[in-house]
Structure formats: C-alpha cells, structure tokens
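There's a structure below that I have some questions on.
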Amino acid sequence: MTTLTQIGKQAKAAARKLASLDTATKNKGLVSMADALIANQQVILAANKQDLANANEMPKKFLDRLMLNEQRIIDMANGLRSIAQLPDPTAEIDRGWINADGLQIIQRRVPLGVIGIIFEARPNVTADATGLTFKSGNAVILRGGKEALQTNLAIAKILRDALAQIDLPADAVQMVSDPSHESAQEMMNLTGYIDVLIPRGGRGLIQRVVKTATVPVIETGAGNCHVYVDRDAKLDMATAITVNAKVQRPSVCNAAEKLLIHRQVAPTFLPVIAKALIEHGVQLRGDEAACQIVPEINPATKEDWDTEYNDLIMAVKVVDSLDEAITHINDHSTHHSETIITDNLERSRQFQEQIDSACVYVNASTRFTDGGMFGFGAEIGISTQKLHARGPMGLSQLTTIKYEITGNGQIRK
C-alpha cells in the first residue's frame with residue numbers, strides 16, 4: 001500500500017465521521033484551529049522563512065504568494081472564524097414534496113466526501129481549504145508545491161493537533177509530504193478515495209490535472225481578465241478601477257491583464273491611464289493604435305492576448321465598438337472575470353449578458369472575485385468551468401444533493 005493510498009483510506013474514514021457532525025461541533029473545530037494558528041505564529045513564520053530561503057531563485061511575483069507575515073496568519077485565522085459564522089449547507093433541506101404515489105421526497109445537501117487539492121506556492125490555501133471542507137463536512141487531502149513545503153507541513157500539523165485536542169478527527173486534514181510530480185500524478189489517479197480534485201495554480205498545473213486525472217476535477221481558473229473602457233465611461237473612475245485591478249496585487253488570478261479602450265475615448269484616456277500604470281511600475285504592451293497614441297507602449301505579440309502575466313505587465317487594445325470588445329474577450333479570456341466601465345445602462349447589460357465568464361462586472365474592479373469579498377468566508381478556488389460550480393467556490397459548492405424518500409408501503413405498478 002502506498003503512502004497516498006493510506007492517506008486516502010484515512011481521509012475516507014474521517015469523512016464518514018465528519019458527515020455526522022452537527023454544526024456546533026464543526027464550528028468548535030474551526031475556532032480551535034483558528035486559535036491554534038495564532039498561538040503558533042512563530043512556528044509558521046520560522047517554517048516560512050526556511051521556504052523563502054530555499055526559493056531565492058523564484059520570480060518576485062511568486063515570492064509574494066509564498067511569503068507569510070503575522071498579519072497574513074491573522075487573516076487565515078480570521079478566515080476560519082468567518083467560516084464558523086456562516087450557515088452550514090449540510091444542515092439545510094433544499095426542498096421537499098409529495099409525489100403522485102404519496103412518497104415524501106426530500107432533497108438535502110450532503111458533503112462530497114474526500115476533496116483533493118493540488119496547489120502551488122500559496123500556503124494560505126492550507127488553512128482556507130481546511131476551513132471550507134471541514135465546515136461542509138468533507139475531509140481534505142492537500143498537496144502543495146515544493147516551494148512552500150515546510151510552511152504547509154507546519155500549518156497542517158497545527159490544524160490537525162487542534163482538532164485532535166478536542167477529540168475531532170485529525171485526518172480531516174492531511175498534507176502530502178512528497179511534493180514530487182509522481183505524487184501529484186498518483187493523487188490524480190486516487191480513484192475510490194478522492195471524490196473530487198481541485199487544482200489551484202497556474203495554467204500549466206491546471207491543464208495537466210484536467211487532462212490527466214482519472215478522478216473528477218473542478219477546473220479552477222487561470223485569470224486572463226479584462227477591463228473594457230466604453231465610450232461613455234467616467235474616465236476618472238476608469239483610471240481608478242484599472243489601476244486597482246492591475247496593481248493592487250498583480251500576482252493573483254483576479255488581477256486584470258488586458259485593457260480594451262473604445263476608439264472614441266482612447267486619445268484622451270490612454271495617455272492618462274498609461275502614465276498612471278507606468279508610475280506603478282507596469283510595463284505596457286499594445287496594438288498598433290495604442291502604440292501610436294502612447295509611444296512608450298511596446299508592441300504586443302499575438303501571444304500577449306492569451307497570456308496571464310501574474311506580474312506588472314498589461315496589454316492594451318483599442319477597439320471600435322462594444323461588439324468588438326465582447327468578441328475579443330470571449331475569444332481570448334480564460335472566462336474568469338471581466339469588467340466594463342460605462343455610464344450606459346444598455347451597453348452594461350449587453351456586456352454582462354454576452355460575456356461568457358464566471359464573473360462579469362460593471363463599474364467595479366475584477367479584484368472583487370474572491371470568496372471572502374462575496375461573503376463566502378474563505379474560498380476553495382475560483383471555478384471557470386460550468387458544471388457543478390462556477391466562480392468563487394464557498395461552502396455550498398463543496399456539497400452535492402441527496403434524496404431521502406419515505407413511503408408507507410408503496411410499490412411501483
């Protein structure tokens with residue numbers, strides 16, 4: 001029996017216990033884990049320091065994801081406490097009815113079972129994923145990247161110990177200690193133990209999991225996100241939103257990567273927004289029209305329109321119409337998050353109706369695509385697929401339905 005198979009068996013056993021826990025008990029476990037994170041901050045920071053020292057060759061944009069400080073640990077703990085305050089989806093009955101044969105049929109929410117998560121250099125995922133899976137009654141098997149191995153192991157041990165101390169199953173959360181590609185592949189094929197696998201990371205990781213896993217997968221999103229500035233936009237608002245969407249945290253999936261501008265406002269707006277972005281260290285790449293308006297913009301390549309930079313880089317395109325903007329976005333987007341800046345109600349509705357992405361905004365930053373911002377507490381990821389879950393995935397997306405049918409002797413004729 002391999003180590004991962006043993007982990008799977010332990011997770012399956014823990015999931016059965018979790019499915020029968022009441023809401024109050026699960027909330028007690030969440031608060032206990034939150035308290036343990038705060039009490040063990042120095043242990044986590046010491047492990048994170050070791051990971052950062054080993055990651056000195058990583059690009060700067062990835063170091064931001066990897067790095068923890070006291071405030072980020074507090075945020076992780078607060079995320080667990082927030083989840084404790086949220087309604088328990090497994091305590092809810094979706095609906096009930098009596099059919100023509102007199103059978104009482106109840107549709108209720110139940111846990112998925114065992115959730116596997118393969119992720120890269122974001123140790124906060126360990127706490128966020130544990131909180132959401134635990135509250136929804138699922139066990140979780142986590143496999144992080146080698147860059148964050150020591151941090152992830154430290155956080156997972158702290159969370160497991162906190163559960164064990166109040167007689168709850170520690171195997172509700174397990175961290176795979178082998179960060180090799182072989183362990184990831186084995187996890188993708190852990191049929192019979194993992195009920196659903198969720199990859200969180202760059203496009204390469206996500207596509208590898210989607211294409212090779214034999215267990216069911218929820219595809220989470222690489223974020224080639226767009227801002228479209230309409231001809232009826234308030235340009236001050238467009239500037240503020242574009243800068244926020246690009247530079248507030250450029251390494252995350254809901255940061256904007258592309259800026260589309262209507263040709264009527266491009267001569268006025270593009271020099272202003274280019275200056276603002278360049279002052280924030282953003283490298284701009286543009287189509288021919290953008291480069292003519294602002295010579296400091298470098299020519300974009302064909303590949304730029306499909307690239308998620310996760311960095312202070314943004315590509316700019318001048319378009320002739322809303323229809324052209326919508327077509328471009330639907331052709332090149334990863335279907336994550338897009339926004340239109342406009343004062344025209346009709347065009348804002350057209351944009352929201354015709355853009356084929358999980359989250360479509362009017363006059364707001366794409367940076368709001370986040371489980372916490374949506375009121376879900378923490379999030380397990382942002383789904384860009386259409387089956388089962390789409391957009392930020394909170395508690396309800398970690399459950400499925402079950403029908404409970406009660407009769408009084410009925411037989412089918």
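Heavy atoms only: backbone and side chains are in, while hydrogens, waters and symmetry mates are out. Position 1 is the first residue of the sequence, and the numbers go up from there.
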Heavy-atom closest pair, residues Asn310 and Glu257: N-OE2, 2.9 Å
CA sep, side-chain torsions, deciding dist, call: Arg285, Tyr309, side chain to side chain contact (heavy atoms under 4.5 Å, CB included): CA-CA 12 Å; Arg285 303 173 185 178; Tyr309 301 117; 3.7 Å; yes
Min side-chain heavy-atom separation Arg200-Glu120 under 4.5 Å: no
Atom of Ala213, atom of Leu197 and distance for their closest heavy-atom approach: CB-CD2, 4.3 Å
Heavy-atom closest pair, residues His335 and Thr384: O-CG2, 3.7 Å
Closest contact, heavy atoms only, Ile166 versus Gly29: CD1-CA, 3.7 Å
Shortest non-hydrogen separation from Pro250 to Leu312 and the atoms involved: CG-CD2, 3.8 Å
Results of side-chain contact (heavy atoms from CB on, under 4.5 Å) for Gln174 - residues two or more places apart only: Ile7, Gln10, Ala11, Arg160, Asp171
Side-chain ion pair, Lys157 and Asp161, N-O less than 4.0 Å: yes
Asp323/Gln350 under side chain to side chain donor-acceptor pair (under 3.5 Å): CA gap, chis, key distance, verdict: CA-CA 9 Å; Asp323 288 338; Gln350 181 184 348; 2.7 Å; yes
Asp94 with Arg108: basic N within carboxylate O range, under 4.0 Å: no
Residues which pass salt bridge (charged side-chain N to carboxylate O under 4.0 Å, His left out) with Glu182, listed by chain and number, not counting sequence neighbours: none
Minimum side-chain heavy-atom gap Asn99-Ile105 below 4.5 Å: yes
CA sep, side-chain torsions, deciding dist, call: Ser183, Arg143, side chain to side chain contact (heavy atoms under 4.5 Å, CB included): CA-CA 8 Å; Ser183 73; Arg143 187 271 186 195; 3.5 Å; yes
SB check Lys12 Asp195 (cutoff 4.0 Å): yes
pair Ile38-Ile74: side-chain heavy atoms closer than 4.5 Å: yes
Lys28 with Asp167: basic N within carboxylate O range, under 4.0 Å: no
Plane angle bin for Tyr403 and Trp97 - parallel if under 30°, tilted between 30 and 60°, otherwise perpendicular: perpendicular
Cationic N near anionic O, under 4.0 Å, Arg390 to Asp356: yes
Under 3.5 Å side-chain donor-acceptor pair for Glu219 and Gln207: yes
Salt bridge (Lys or Arg N to Asp or Glu O under 4.0 Å) assessment of Asp88 paired with Lys135: CA-CA 7 Å; Asp88 182 352; Lys135 179 66 177 268; over 6 Å; no
Ring geometry between Tyr228 and Phe351 (parallel below 30°, tilted from 30 to 60°, perpendicular above 60°): parallel
Non-hydrogen atoms of Leu66 and Asn48 that approach each other most closely: O-ND2, 2.9 Å
